[in-house]
Structures are given as structure tokens and as C-alpha cells.
Amino acid sequence: MIEHRDDLASKMGMWLFIFTELLLFGMLFVVYAVYRSMHPEAFKLASEELDVVLGTFNTVILLISSMTVAMSITSIQKGNKKLAMTLLIITLVIAVVFLVNKYFEWGSKFEYGFNPGGEELLQLGHGTILFFGLYFVMTGIHAIHILIGVGLFIYVLLQLRKDKIHQTDYIWLENTGLYWHLVDLIWIFLFPLLYLIH
Amino acid sequence: MNPGASNFVEGVNNAFIFIIGISLFFLIGITLVIILFLYRYNKKRHPKAVQIEGSNKLEVIWTIIPLALVMGMFYYGYVGWKPMKRIPDEGVRITANARMWSFSFTYENGRITEKLYVPVDTAVIVRLNALDVVHSLYIPAFRVKEDMVPGLANNQMWFQPNKVGNYSLFCTEYCGLQHSFMHTEVVVMEPAEFWEWYSDTTAVAIPIEEGADLALLGRQLVESKGCLACHSLDGSTIIGPSFLGAWGSNVPVVTNGQEREVAFDEAYVLRSIYEPDADIHQGYRAGQMFSYQGEITEQQIELIVEFLKSLNE
Amino acid sequence: MSDSNNAHNVSYLDYKGQYKGLSAWIFSTDHKRIGLLYLYTMLAFFSVGAILGLLMKTELIAPGATIMGPKAYNALFTLHGIIMIFIIVVPGLPAVFGNFFLPIMIGAKDVAFPRLNLLSWWLYVIGILIVLTSQFLGDGPPDTGWTFYAPYSFQTPANVLPAVFGAFVMGFSSILTGINFVVTIHRMRAPGMTWFKMPLFPWTLYGTAWIQILATPVIGITLLLIVAERLLGIGIFDPALGGDPILYQHLFWIYSHPAVYIMILPGMGVISEIIPVFSKKTIFGYKAIVLSTMAIAFVGYFVWGHHMFTSGMSGRALYTFSFLTFLVAIPSAIKVFNWVSTMHKGSLDMQTPFYWAVSFIFVFMIGGLTGLVLGSLATNVHVHDTHFVVAHFHYIVFGGTGYAFMAALHYWFPKMFGRMYDLGWANLGWGIFFIGFNALYLPMFFLGMQGMPRRYYDYLPDFHGGNIISSLGAWVMISGIIIIFANLIRSARHGKKTTQKNPWGGKTLEWQVETPPTLENFEEIPTIEKGPYHFGE
Amino acid sequence: MSQETTHIVSYKTQIFVLLALLVLTAISVAITRIEMGPFNTAAALLIASIKASIVLAWFMHLKFESRFFTVMVAAVFILFLLVILVTFFDYSYR
Ligand code: HEA
Ligand code: HEA
Ligand code: CUA
Ligand SMILES: [Cu+2]
């Protein structure tokens with residue numbers, strides 16, 4: 001059978017997939033909005049338990065990584081394979097750093113017994129329990145997405161090395177980029193909603 | 001249709017009549033037209049089809065007319081429903097508690113019953129509580145139904161019965177194994193009769209006559225409180241441990257995460273009924289049985305104990 | 001490539017590729033083979049679901065325990081609901097007939113992403129297998145109903161996790177199919193086929209695909225939250241931890257109401273194909289039907305609350321939802337009127353697919369009109385969660401999607417298999433089925449109005465009469481269905497061979513390709529000039 | 001499919017985009033330190049939306065794609081907002 005190639009179709013498919021992701025997280029935001037409207041004070045107090053510095057740091061590096069992917073697309077479009085790979089590796093490293101940070105952030109919550117079902121947490125009011133439940137679910141699902149992103153980057157890097165992705169056929173890189181921006185996009189909303197309530 | 005017996009029946013029935021009337025008109029009308037077409041334009045009688053692309057005029061007509069009709073349906077539905085939400089200030093106040101799988105009704109004077117007793121032609125305001133999962137209180141004859149949601153404060157329903165008699169009351173939100181047995185009755189009485197019944201608090205304390213069969217009383221209690229939905233009397237496991245042979249045994253339990261053994265005695269039964277999650281029988285789940293504090297008195301627990309003892313004989 | 005294996009002149013059924021035997025099917029990326037894979041999987045599970053239904057009806061023939069206890073009954077309607085909704089009618093028509101005919105009807109060689117298409121089927125099967133493990137592992141089959149309402153779904157000791165997770169995986173499969181179809185329709189229509197020259201079945205698939213993309217993630221996250229709640233003890237909906245069980249219901253129905261339109265829209269598309277062909281007449285009001293399809297898809301997103309009229313929501317939400325529910329009924333009414341008008345002054349050719357299509361209109365009207373009773377506040381309070389609802393959705397899901405499925409099967413059967421079924425048996429099966437269907441579900445309306453709650457394993461003696469008729473009806477209907485499927489299955493293997501391209505005289509593209517279609521569908525992609533239903537010449 | 005419509009975003013533009021995003025992040029952290037009652041959340045969300053639009057437009061190339069994509073993205077956001085709105089018909093009036 002003749003393989004036919006339609007990059008616009010692939011890109012359209014990717015966008016449709018992004019829509020599903022947006023709605024998936026969107027529903028978490030609905031849950032968040034509802035519970036926050038029920039327990040505004042508790043949410044505020046609980047939010048102060050989170051480490052704004054760490055959160056801001058993660059926001060910044062995620063934004064930088066978004067730029068590096070976008071740039072690696074530019075470089076492949078210009079035919080500069082080496083630069084594209086370097087930029088992707090930077091992105092990959094940032095993704096890992098983000099996860100390491102998350103690990104420590106979660107770890108400190110667990111230490112204080114703020115993990116789901118944790119002793120300390122259950123002593124606190126309903127609003128706090130809900131806040132931390134949502135915190136873990138939202139950042140957890142987001143972290144899973146980062147992990148998938150790491151996998152995609154590794155795949156794309158391998159393809160780049162084998163020249164399967166090149167100046168005239170880089171839809172995999174482009175779609176991976178789109179996916180990564182989605183991950184960033186979600187964090188852009190998660191960050192103020194979880195860390196910055198005052 | 002279930003013959004009605006409350007102030008809402010008329011509004012609800014009107015909505016039914018309006019909607020079903022229009023529906024039947026369209027259903028029968030369109031079906032007849034189809035049958036007519038099937039006959040009239042059959043290939044044999046009408047070999048050559050006439051091509052018609054459509055008609056904007058018709059499309060508008062059959063958008064507008066149904067639209068007007070459904071707005072009518074919305075209106076009747078709204079009018080029939082509105083009074084259900086307008087809870088009066090005055091009335092007999094009753095708290096309905098639902099748990100897996102029984103209802104209990106608490107009156108303002110502390111009286112607790114398994115059937116719902118109400119006076120005729122008087123507003124009755126029922127506060128709806130659920131202890132474990134979502135249940136729903138449904139009285140078909142009154143045309144009322146409202147879910148009983150755990151954790152939802154201020155959930156109320158009201159009605160004004162207008163005919164004396166006994167009517168069914170169902171739980172209509174699926175709530176687990178014995179959901180279909182979670183039904184009881186509403187007893188609508190003449191006001192005078194009702195108030196007499198109401199102030200007759202002797203029934204709160206069970207009059208235990210000399211020489212009464214305590215174990216039998218205990219058994220009736222266990223049956224009426226719905227314990228047997230979870231605890232069998234034949235050694236089999238339903239949801240909780242069987243009562244058979246339990247008395248006097250040593251029960252392996254988990255207390256605050258610690259495994260230990262306790263004797264199945266009077267204190268243990270009391271604790272199991274008032275704080276079921278304090279000692280969890282190993283192999284069973286916490287959070288299944290909810291406390292009966294305030295629903296079963298200590299005196300009644302004594303009867304239950306007599307009954308449990310009698311199972312060993 | 002040898003001549004006998006040329007992609008252009010060998011039937012897709014005989015084509016020999018890289019794989020042999022079963023592998024030639026389960027690894028095939030040909031949209032037609034994938035369609036049949038779905039068909040066979042669904043047939044298998046459909047029989048399971050139907051038998052479960054029959055067992056329930058047998059249990060309900062008399063009050064008290066008849067053939068099973070409450071535990072078994074609760075497990076039965078849960079599995080019955082999960083199978084029928086998540087395995088049969090949600091993927092149903094798009095996965096089987098959409099896969100098979102969408103590319104052909106718009107003049108394409110395949111869908112946009114054939115490998116993704118195969119992946120969808122695999123995910124679907126994996127999802128089914130996960131759901132099935134719930135029956136055998138752990139602490140007994142799930143007993144929550146297909147709605148998995150919180151907090152019961154995480155308090156019950158039963159094995160809810162695999163069922164929920166399996167449904168999640170199937171949701172993924174559904175999303176991928178949706179993405180595939182939207183892109184296919186955007187990018188792969190034959191030259192000259194403008195949007196308004198596209199046949200109506202692809203149009204409904206387009207609307208459906210958008211709902212699949214935009215609604216399915218909602219159930220995805222909802223089911224994940226249940227998993228998190230059960231597995232990790234994270235409090236989201238648990239009232240003991242401050243959660244709101246009603247919020248769970250919101251999320252569930254934000255998906256599950258649009259899902260009912262995922263079920264019915266393709267069915268409406270099938271009917272819109274069949275009626276003109278057997279009336280030998282162009283469809284009446286093509287544009288109105290297209291617009292109403294999109295209107296249903298859009299407004300249908302905002303009426304979910306009509307499943308929660310007694311849940312304890314605020315009064316304002318209640319009448320908003322009731323109002324929107326009535327709005328969404330209008331586009332369906334428009335379709336019914338257009339179908340009937342198409343028959344006006346036609347030249348009606350009474351064949352099996354047409355019987356199914358006409359009876360579809362009848363039962364769909366009953367289902368839809370009783371939906372109006374449910375959509376109105378006062379009446380809903382009385383009949384919510386009674387057998388009235390059960391009757392409504394069997395009339396409209398089974399009567400709508402199910403009848404449309406049967407109509408599609410009988411309509412496209414010769415094209416798919418290159419064989420013809422026995423018309424006499426098919427009509428007899430239809431007749432028995434139709435009578436049994438109404439005997440089965442009509443009494444449930446009356447039972448519901450009398451006040452018989454649903455999901456009741458046992459009932460008061462007052463309700464006995466209606467249940468007897470209903471249970472007997474189930475047996476009549478099942479005899480009809482056995483005749484129908486025996487006929488079809490026999491014919492698929494031994495029926496009269498046919499290579500006639502166009503047995504019914506249809507005008508859409510699938511009737512211009514070979515019977516059965518070749519691997520590549522078209523020797524040359526056609527150029528479209530006329531609208532899809534040009535019967536006049 | 002042909003690639004002729006491909007638009008290449010220059011490195012410089014991308015650095016500017018990043019700088020804009022970083023500045024907005026700083027503003028949103030700063031602004032939420034000031035006590036403004038309910039306006040805190042509104043401001044934070046507004047800034048987040050601006051950031052999201054920037055990412056969508058430049059990093060995700062929406063600015064350079066066919067209109068169809070932009071319309072669809074907008075439609076998805078509107079759909080989402082409507083869902084929230086309708087949900088709050090319940091929660092605001094309980
Ligand atoms: C294929 C699936 C399908 C479809 C298409 C529909 C269509 C409709 N449904 Fe149904 N519904 C279900 C599947 C479906 N439903 C299921 C599965 C449930 C139960 C879920 C559960 O709890 O387990 C349910 C439950 C359900 C409820 C909740 C009941 C309850 O639990 O209390 C309501 C309430 O409003 C409702 C309403 C409607 C309405 C108004 C339509 C409308 O779209 C119908 C429109 C059609 C017509 C109106 C008929 C055709 C028109 C004419 C003949 C012309 C004349 C018309 C006029 C004058 C207007 N449905
Ligand atoms: C498509 C959906 C569908 C179908 C076809 C059926 C078919 C049947 N249903 Fe089902 N039913 C549901 C969806 C469906 N049901 C749902 C969602 C529930 C709610 C569950 C819950 O409460 O959680 C329910 C609940 C339900 C109950 C209520 C339980 C209760 O509340 O107490 C009962 C009671 O008897 C019942 C009976 C039956 C019977 C006897 C059949 C069958 O036995 C009829 C026999 C079948 C046929 C004769 C075949 C018809 C042909 C087709 C549909 C097309 C073929 C398609 C392919 C081959 C792919 N069903
Ligand atoms: Cu309680 Cu059903
Ligand atoms: Cu609905």
C-alpha cells in the first residue's frame with residue numbers, strides 16, 4: 001500500500017489530542033473551583049504550606065524549556081541538526097530537574113504527614129484535606145505528563161540521530177513540541193491556583 | 001398511575017397530562033401518517049417518486065411549533081415543582097436518617113420510629129440525613145423524592161398529606177446489597193390520633209414485663225434495625241461477621257493499627273454498636289458499619305446481648 | 001506483487017498481506033477489516049449483555065428470590081450496563097460502520113491514521129479484558145451500577161477498580177477513533193465533495209467524533225479520581241473527608257449525557273441514509289438535518305443536570321437544566337419530521353432495512369417523547385430512578401441505536417460480505433423482535449408511574465402484573481433476535497454470493513465500488529459534482 | 001503535503017517571548033503578595049491567561065497556522081468556561 005504523508009493532518013490530530021488533555025485538566029479545575037468556593041479560608045491557609053520559591057523556580061525552568069523546544073524546531077527548519085539536538089537535550093535535562101524538584105517537594109509533604117490519608121492531614125479540616133488531595137492529584141497527573149514528555153524527547157532524539165527526522169520531515173518533533181507546550185500551559189494555570197492564593 | 005395523597009399531586013398530574021397528551025398526539029399522528037405513506041406511496045401504487053428537496057417554510061414551522069409546545073411543558077413542570085421547594089416555616093418537623101439499609105425517623109420530642117407517622121392536612125418538613133452513602137426518600141403517593149446525601153447540610157423536603165392511610169416509602173438511590181429491601185411505610189393519621197400517638201412516649205422505653213422473653217425482644221430489635229442485612233445468623237458472612245457463635249468467643253481485632261484479641265462480651269458489643277470502627281474485626285473493613293449512638297439505647301443493647309447469648313444454646 | 005493480489009482488484013476479504021490467518025485480521029490496518037473486528041467483538045459481548053438482561057427479567061418475573069439473590073442481581077445490572085453502554089453502544093456504530101464506510105463514503109482509501117485506528121481496537125479489547133477481570137478477581141464482581149456513584153463506589157468491598165479502569169481504557173480508544181474521524185473528514189474528502197455535498201452518515205459521525213473528543217476526557221478524569229480515591233485514599237468525593245458526592249454526579253453526567261448523543265447521532269445518520277434509498281427520493285431538508293445534528297452535539301453538552309433533578313442541587317440549577325433539556329429535544333423533532341416528509345410522494349420499496357428504519361422512527365419517538373416527561377421538573381421528581389427511566393432509555397438506546405444498528409447491518413450486509421441474507425427469515429425475525437420489544441419495555445412505563453424503583457431486585461406484590469408481561473416479552477424478543485442473528489451469521493458464510501454493486505439502488509459512493517470492496521476501495525478517486533441523494537435524473 | 005506555507009519563527013522572537021513570560025511570572029508572584037481580596041485571584045488568573053495566549057500564539061505557532069486552529073482552540077476554551085458557568089448555577093445558589 002502506498003504510504004501517503006499529510007503533515008497537516010498529523011498536526012490536526014495532535015491539536016485534537018491537546019483539546020482532550022485540556023478538558024481533562026479542565027475538569028480538575030472545575031473540582032478545584034467548586035471546593036475552593038466552599039472552603040476559601042482553608043484553601044488559602046493550606047496554600048501557604050506550599051513552597052513558593054520552589055514553585056516559581058519550576059515555573060521558570062519550564063518556561064525556558066518551552067522556549068528551547070520551540071527553538072529546536074526553528075533549527076531543524078533551518079537544517080541545523082546539531083543545534084536542534086542540543087536544544088532538545090537541554091529541554092530533556094530541564095524536564096528531569098523539574099521532576100527532581102517535585103520529588104523533593106512531595107517528599108517534604110510526606111515527611112510532615114501531609115500525604116493522602118496521612119495522620120497529620122486527617123487531623124486538619126475538610127478544606128485542607130481537599131486542598132492537598134487536589135494538590136497531589138493535579139501535580140501528580142501533571143508529573144505523569146512530564147514523564148511521558150521525557151519519553152517522547154528520547155524517542156525524537158534517537159530519530160534525529162538516525163536522520164529519520166530532518167529538515168523536510170520533522171512532524172514528530174513538531175508534535176512533541178506541541179505536547180510539551182501543553183504541559184507548560186497547564187502548569188501556567190496550576191502554579192497560581194495552587195501556590196499563589198493569598 | 002399511583003393514586004395520590006398529597007398537596008403536590010395535582011400539579012404533578014397536570015404536568016403528566018399535558019406532556020403525555022401532546023406526546024400521544026404526535027406519536028399517534030406521526031405513526032398514522034407513516035402508515036398512510038407506506039400504503040399510499042408503496043412502489044406498487046406509486047412507481048415514480050416525486051423529487052422534493054425540502055421546504056424552508058416547513059422547517060421553520062416544525063421548529064417553532066414544537067418549541068412552543070416544549071416551552072409549555074417546561075412551564076407545567078416548573079409550576080408543579082415550584083411548591084416542593086417552597087418549604088413552609090410551620091409544620092411538623094421530622095429528621096429522617098438513612099443508612100444501609102434502613103430508615104429511621106426522629107421526632108422533635110425524641111421519639112424514634114421505623115415507619116414515618118404523619119398527621120393528615122398538616123405540613124410536614126423532613127430533614128434528610130444520610131450516614132454512609134447516598135440514599136433517596138421516595139413516596140410515590142405524595143409525588144415527592146429527594147436524595148439523602150451524606151455531608152449535605154440543610155437538605156429538606158416537605159409535603160402535606162391529604163388522605164388518611166398507609167403508603168409505601170422507598171429508597172430509590174442505589175445504595176448497595178439490600179437496596180431493594182430498603183423500604184417502609186408512611187402512616188397518615190387523623191391529627192387528633194397523631195398527636196395522641198406523638199405524646200405517648202411510653203413506647204420510647206420498652207416496657208419489659210416480668211418474665212418477658214428478653215432474647216426474643218432482642219431478636220425483634222435486631223431485625224427491625226436492619227442488623228441482619230450485614231450479620232447473618234447461620235455462620236455465613238454477608239458484610240460483617242456472623243452473629244452465630246460469636247458470644248463468648250475471642251475476637252481477633254485491630255485497634256488503632258494494633259492487632260489483639262478481645263473477648264466478645266457485653267462491653268465489646270456496646271463498643272461495636274456505638275463505635276464500630278474502634279475495634280475492627282480482622283478481615284473486615286472499617287467504615288462499613290456506622291455508629292448507632294443515639295439510635296439504640298443502652299437498655300436496648302442489653303436485649304441484643306440476651307439475643308446473642310441465646311444463639312449459643 | 002502477483003496479479004491476483006493486486007490491491008486494486010482483490011477484495012479486502014481475500015487480500016493476502018504480510019500476515020496469515022488470524023494475524024491477517026488483528027494486525028491489519030485496513031479500515032474495513034478493523035470495522036469487522038469491532039463487529040465480531042461487539043457481537044460476542046452483545047450476546048453476553050443480552051443474556052444478562054434476560055436473567056434479570058427472569059428474576060423479576062415474580063417477587064422474592066426467583067433464580068438468584070440480591071448480590072447476583074446487583075452484579076448483573078452493573079455488568080449489563082457496563083457492557084451495553086461502554087462496550088456496545090458508545091463505540092457501536094462509529095467503530096463498526098463508521099470505520100467500514102466513512103472512508104468509502106467520502107471517497108478516501110482509508111482513514112487518516114490507519115495504525116492509530118488499529119491501536120484503538122487493541123485498546124478497546126484490552127479495556128474489555130480489564131473489565132472482565134473484575135468479575136473473577138478480588139472480592140466479587142462490582143455492584144455499583146454503571147454510574148459508579150460516589151461514595152458507594154469506593155465504600156463497597158466489591159472489585160470496582162478493574163471495571164473503572166477498563167472503562168477508562170475504552171474511553172481512550174473512543175477518543176482516538178474520534179480524532180481519526182475528524183481529521184479524515186477534514187483532510188480526505190474526495191475532490192469536489194464540499195461540506196454540504198457530504199452524505200449524512202459521515203456528517204453524524206463528524207458531530208459524534210467531536211463529542212467523543214470533547215466529552216470523553218471528562219469521564220476519563222472522573223474515573224481516575226475514583227481510582228485515586230479507592231487506591232490512595234485521596235479525599236475528593238468522600239463526604240467523610242469533606243468531599244461533595246454531588247460533584248461526582250456532575251462530572252459523571254458532564255460526560256454521560258453527551259455520551260447518549262454519541263450513541264444516537266450515528267444511528268440517526270444511518271436512518272438518514274436508508275430512508276431516501278428505499279423511498280427512491282432525495283432526502284427532505286438536507287441542510288436542516290445537518291444543522292440539527294450539530295445543534296444536538298452542541299446543546300447536548302449543557303443538559304447533564306437533568307439526571308440529577310432530585311440530587312439536592314440548587315433550585316436555580318434545576319430549572320436551568322430543565323429548560324436546556326427541552327431545547328435539545330427540538331433538533332431531534334426536526335429530524336423525525338424530515339424523515340417522514342422524505343417518504344411523502346416517494347416510491348417506497350419495502351425491504352428489510354426499511355422495516356428497521358421505519359420501526360426505528362416509531363420506537364425512537366416513544367423513547368424521545370418519554371424523555372420529555374423526564375425532562376420536566378414536576379414529573380421527573382415522581383419517575384426519576386423508577387422503571388420509567390429504565391423504559392425510556394431502553395426505548396431510545398436499544399430502540400434507537402440498537403434498531404439503527406440492525407438497519408445498518410441489513411443495509412450494508414451485501415456490500416460487506418459479498419453475500420446476501422435470506423429476506424424472508426430476516427423479516428420474520430424483525431416481526432417477532434418488534435412485538436417482543438414492545439411487550440418487554442412498554443409495561444415498564446406503567447410500573448414506573450406506579451412507583452417501582454429501578455435497581456430493585458425484589459418488589460412489592462402491587463407491581464407483579466406489569467413485570468409478568470415484561471418478562472414474557474423478553475423471551476419473545478430473544479426468539480426474534482436468535483432468528484435474526486442465525487440468519488445473518490449463516491448468510492455471512494454460506495449465503496448467496498453476489499457481486500452486484502448496488503442491490504438497493506443507493507446513490508452514495510459505497511454503492512459504486514466493487515462488492516465486496518477492494519483493498520484500496522477505489523481504482524481512482526472519484527470527483528464529486530452532485531449532492532449525495534440525487535434520485536431524480 | 002507541501003511545506004511551502006511553513007513559517008519559521010526566529011530565535012530572537014523566541015527569546016523575547018520567553019522574556020515576556022518571565023516578566024509576567026514575576027508580576028504574578030509579586031501581585032499576589034499584595035492583599036487585594038478577591039482581586040488577587042482575578043489578577044493571577046488574568047496574567048495566567050495572558051501567558052497562556054502567548055504560549056499558544058508563538059510557541060505553539062497558532063499565529064501562523066490556518067484560522068481553523070485558532071477558532072477551535074477558542075471554541076474549546078469557551079466550551080470549558082460555559083461548563084464552569086453552568087456548574088456554578090448549582091454551587092452559587094445552594
Ligand atoms: C441514545 C441515548 C439517549 C437519547 C438520544 C436520549 C434522549 C433524551 N433523553 Fe435520555 N437517557 C438515556 C439515553 C438517551 N436519552 C439514558 C441511558 C438514560 C439513563 C441513564 C441512567 O440513569 O442510567 C437517560 C435518562 C434521561 C433523563 C434522566 C432521568 C432520570 O434519571 O431522572 C432525562 C431527563 O430529562 C432524559 C431526557 C432525554 C431527552 C429530553 C431526550 C431528547 O433528546 C429526546 C428527543 C426526541 C424526541 C422529542 C422525539 C422525536 C420528536 C417527535 C416525535 C416530534 C414531536 C416532538 C415535540 C412536540 C417536542 N433522559
Ligand atoms: C444498548 C443498551 C442496552 C441494551 C441493548 C439492553 C438490553 C436489555 N436490557 Fe438493559 N440496561 C441498559 C442498557 C441496555 N440494555 C443499561 C445502561 C441499564 C442500566 C444499568 C444500571 O442500572 O446501572 C440497563 C438495565 C436493565 C434493567 C434494569 C435493572 C434494574 O434497574 O433493576 C433491566 C431489567 O430487566 C434490563 C433488561 C434488559 C433486557 C432484557 C435486555 C436484552 O436482553 C434484550 C435482548 C437483546 C436483543 C434482543 C438484541 C438487540 C440488538 C441490538 C441492540 C443491536 C446489536 C448490536 C450489535 C450486535 C453490536 N436492563
Ligand atoms: Cu438506600 Cu437504596
Ligand atoms: Cu441525559
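These numbers come from the heavy atoms of this one structure, side chains and all, not from hydrogens, waters or symmetry mates. Keep in mind it's a predicted model, so treat the numbers as computed, not measured.
Of the listed residues A:G133, A:A9, A:G26, A:G140, the one with more heavy-atom pairs under 4.5 angstrom with chain C than any other is A:A9. The most heavy-atom pairs under 4.5 Å with chain A, out of C:G243, C:A240, C:A228, come from C:G243. With chain C as partner, the option from A:L130, A:I129, A:V31 having the largest number of non-hydrogen pairs under 4.5 angstrom is A:L130.
When heavy atoms are compared at a cutoff of 4.5 Å, C:A215 does not approach chain A at all. Proximity to chain A (any heavy atom under 4.5 Å) is shown, for C:L214, by both the backbone and the side chain. Of the atoms belonging to C:L116, not a single heavy atom falls under 4.5 Å from chain A. Contact of C:H186 with chain A is made through the side chain alone, with heavy-atom distances under 4.5 Å. C:L225 touches chain A through its side chain: at least one heavy atom from C-beta onward sits under 4.5 Å away, while N, CA, C and O do not.
Within the model, atoms OH of A:Y135 and CD1 of C:I234 stand 12.0 Å from one another, a figure rounded to the nearest 0.5 Å. Atom-to-atom distance recorded for A:M27:CE and C:L247:CG is 10.5 Å, nearest 0.5 angstrom. Atom CD1 of residue C:I179 and atom CE of residue A:M14 lie 8.5 Å apart, to the nearest 0.5 angstrom. Taken to the nearest 0.5 Å, the CD1 atom of C:I175 stands 7.5 Å off from the CZ atom of A:F17. Note that CG of A:L23 is 10.0 Å distant from OG1 of C:T216, once rounded to the nearest 0.5 Å. Rounded to the nearest 0.5 Å, atoms CG (A:L16) and CZ (C:F181) are 13.5 Å apart.
Atom CZ of C:F302 is surrounded by more than 12 heavy atoms from other residues, nucleotides or ligands within 6.0 Å.
Remark: the backbone N or O of C:D244 is paired with a side-chain donor or acceptor of A:Y35 at under 3.5 angstrom.
At least one side-chain heavy atom of A:S10 sits under 4.5 Å from a side-chain heavy atom of C:F113. At a threshold of 4.5 Å between non-hydrogen side-chain atoms, the residues C:I221 and A:I141 count as touching.
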